[in-house]
Number of protein chains: 2
Amino acid sequence: MQLDKVVNYHKALADPTRIKILILLAEGELNGQVLAEKLGVTPATITHHAAKLREASLIKERRDKNTIYFSLNHYFIKNSASATENLIYQRVNPEHTAERIPDADQQLRESVIKNFFTQDGKLKSIPAQLKKKLIVLTHIVSMLENGRKYSEKEINEFIAGFHEDFATIRREFIMHHFMYRDNGVYELNPQEMWARWEDLK
Amino acid sequence: MQLDKVVNYHKALADPTRIKILILLAEGELNGQVLAEKLGVTPATITHHAAKLREASLIKERRDKNTIYFSLNHYFIKNSASATENLIYQRVNPEHTAERIPDADQQLRESVIKNFFTQDGKLKSIPAQLKKKLIVLTHIVSMLENGRKYSEKEINEFIAGFHEDFATIRREFIMHHFMYRDNGVYELNPQEMWARWEDLK
DNA sequence: TATTTAATTAGATGAATATTAAATTAGACG
DNA sequence: CGTCTAATTTAATATTCATCTAATTAAATA
């Protein structure tokens, strides 16, 4: 039921500490210790909030040594209420508050997602048109964790959650450099991904 | 501080019963008893939730005899996250989910509000251009309760919360038929208000 | 291997809040 | 005035949830 999803999304944003975390992450990735220190809470509290934000797909995580760096999942933040968006980004990007009419491609992106995905997030069909296909691929790949390694089995299961033809979509990911494969292990290619993302704007 | 505002907005939507209330109201206005019956809760519970939704400006109220009819404050709902919007409106308007690119005037409306209002909701200046002025007036007047009578003192204080020149704005409200005055008592003119609203689309 | 550092888990505490029953208020109307 | 109806308030209860401390896990490294 979608009700829970919407409620949980708003619950994730219905706490001042979590909003502050997002505001801090808008300036760049941070690990748990630093977040705890900046916010005057214990690391355990950060773990707690990170779990809620992760469930709502609002943040991503990247592990380096035994430190976990949190960062915003821009994709989901961008598609949220503009009031929230303004508050989160205003410190790092003041023009955001100024006159900024959603451009044509932002609209295209929204309409493609509305058209090609069902209410519960399944992909109805793979767009033939390149630009639309890239939008769809970006949408799906943004749900994966940055920096994490996935086995082929994991990737297949993940993609199958969107569309039965996981082999084609996995191939598209590689072809368009959204991810790369290193002897059986798949990983996101964040630079390429956001580069294509910017291309679309 | 705007943090509280954003948090409270999300708190208002972070409860399944309140989302259900909004979904029901999307089909038309309802009074407390009927809402309680449809949702299987007591009228006291509806009163409780209505207060929260009212604080977040998500609903309006209209009194007829001793019955209070609740309705959506479309203005605030529209400017919320599209996921929420879809869930709320989908039952009454299925095309909403389909390809629907925000039209030019929706964009104008958003940009005028971003330009002419400060972060904490004050009006920076009164637009000279008619269309923009109507957008600003609509925005302010949508915060008033439908059907409620206001004294001139109340109206002045309300408008002063947005801009010091309350006299000019009050006059504009009357001129453009957003409200009417009946021997010292001011009241919204809902039909006219939404008629102009539709004109803007 | 022992130590250090970061993160998580588990359990406890306290605050916020959703809900209800019962009492009260506010209008409408005979 | 008395009665009916709708809404609100109050007080009580139960649940959720933010936060902490203390213990534990995990990885890196000396």
Side-chain angles (χ1 to χ4, degrees), chain A residues 3-25 29-56 58-71 145-149, chain B residues 3-25 29-56 58-71 145-149:
Chain A
L3 215 189
D4 291 347
K5 211 164 179 171
V6 170
V7 170
N8 283 334
Y9 163 74
H10 285 288
K11 276 188 184 173
L13 296 172
D15 178 87
T17 304
R18 286 196 285 272
I19 297 281
K20 285 180 198 160
I21 289 174
L22 295 180
I23 292 172
L24 287 173
L25 293 182
E29 63 176 18
L30 293 171
N31 61 357
Q33 302 281 336
V34 173
L35 278 173
E37 206 263 327
K38 283 189 189 265
L39 293 173
V41 297
T42 65
T45 304
I46 299 296
T47 299
H48 167 76
H49 289 306
K52 306 237 166 189
L53 292 170
R54 194 186 317 116
E55 278 165 36
L58 293 169
I59 59 170
K60 294 182 178 188
E61 298 169 23
R62 172 179 79 82
R63 181 169 211 122
D64 182 41
K65 316 274 177 184
N66 53 6
T67 301
I68 291 175
Y69 293 91
F70 300 97
S71 58
E145 285 178 43
N146 230 327
R148 174 173 154 191
K149 295 182 197 313
Chain B
L3 217 189
D4 291 347
K5 212 166 179 170
V6 170
V7 170
N8 283 335
Y9 163 74
H10 286 288
K11 275 189 184 174
L13 295 173
D15 178 89
T17 305
R18 286 196 285 271
I19 297 282
K20 284 180 198 161
I21 288 174
L22 296 179
I23 292 172
L24 287 173
L25 293 182
E29 64 176 17
L30 294 172
N31 60 357
Q33 303 281 334
V34 174
L35 278 173
E37 206 263 329
K38 282 188 189 267
L39 293 173
V41 297
T42 66
T45 303
I46 298 296
T47 299
H48 167 74
H49 289 305
K52 305 240 164 186
L53 292 170
R54 194 186 317 115
E55 278 165 37
L58 293 169
I59 59 169
K60 294 183 178 186
E61 297 169 23
R62 172 180 78 83
R63 181 168 211 122
D64 181 43
K65 316 279 172 175
N66 53 6
T67 301
I68 292 175
Y69 293 91
F70 300 97
S71 58
E145 283 178 44
N146 230 327
R148 175 174 154 189
K149 296 184 197 310

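Every chain is numbered from 1 and lettered A, B, ... according to where its sequence line falls, protein lines coming before strand lines.
Atom CG in N31(A) sits roughly 17 Å away from atom P in dA27(D) (whole-Å rounding). R62(B) places its CZ atom 16 Å from the C1' atom of dA7(D), with the value rounded to the nearest Å. In this structure, CG of L30(B) is placed 16 Å from C1' of dA7(D), rounded to the nearest angstrom. In this entry the distance linking CD of E37(B) with P of dT5(D) reads 16 Å, nearest Å. Protein atom CD1 of I46(A) is 10 Å distant from nucleotide atom P of dA7(C), rounded to whole Å. Distance H10(A) NE2 to dC17(D) P: 15 Å, rounded to the nearest Å. Rounded to an integer number of Å, the gap from CZ of R54(B) to P of dA7(D) is 12 Å. Across the protein-nucleic acid pair, I21(A) atom CD1 and dA7(C) atom P stand 12 Å apart, rounded to whole Å.
Nearest approach of A12(A) to K52(A), heavy atoms of both residues: CB-O, 4.1 Å. Of all the heavy atoms in L35(B) and I21(B), the pair that sits closest is CD1-CG2, 4.2 Å. Listed here is the closest heavy atom pair of I59(A) and R54(A): CG1-N, 3.9 Å. Closest approach of F70(A) to I46(A), counting heavy atoms only: CE1-CG2, 4.5 Å. The two residues H10(B) and H10(A) make their nearest non-hydrogen contact at ND1-ND1, 2.7 Å. Shortest non-hydrogen contact noted between I19(A) and L13(A) is CD1-O, 3.5 Å.
R18(B) contributes no side-chain N or O that, together with a main-chain N or O of A50(B), makes up a donor-acceptor pair within less than 3.5 Å. A donor-acceptor distance shorter than 3.5 angstrom exists from the side chain of N31(B) to the backbone of V34(B), with no hydrogens or angles considered.
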In 5'-to-3' order, the base (B), backbone-only (S) or no-contact (-) status of each nucleotide in nucleotides 24-29 of chain C, using a 4.0 angstrom heavy-atom cut-off, is --BBSS

For nucleotides 12-20 of chain C, print each protein N/O atom paired with a nucleotide N/O atom at under 3.5 Å, atom names and distance only.
| residue | atom | partner | partner atom | Å |
| --- | --- | --- | --- | --- |
| dT17(C) | OP1 | K11(B) | NZ | 3.3 |
| dA18(C) | OP2 | R18(B) | NH1 | 3.1 |
| dA18(C) | OP2 | H48(B) | NE2 | 2.9 |
| dT19(C) | OP1 | T17(B) | OG1 | 3.1 |
| dT19(C) | OP2 | H49(B) | NE2 | 2.2 |
| dT20(C) | OP2 | T42(B) | N | 3.1 |
| dT20(C) | OP2 | T42(B) | OG1 | 3.3 |
| dT20(C) | OP2 | T45(B) | OG1 | 2.5 |

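Applying the side chain to side chain donor-acceptor pair (under 3.5 Å) rule to pairs touching residues 34-46 of chain A yields T42(A)-T45(A), sequence neighbours excluded.
Taking side-chain N and O atoms only, Q33(A) has no distance below 4.0 Å to OP1 or OP2 of dT5(C).
Within 4.0 Å (heavy atoms only), T67(A) reaches sugar-phosphate atoms of the nucleic acid but no base atom.
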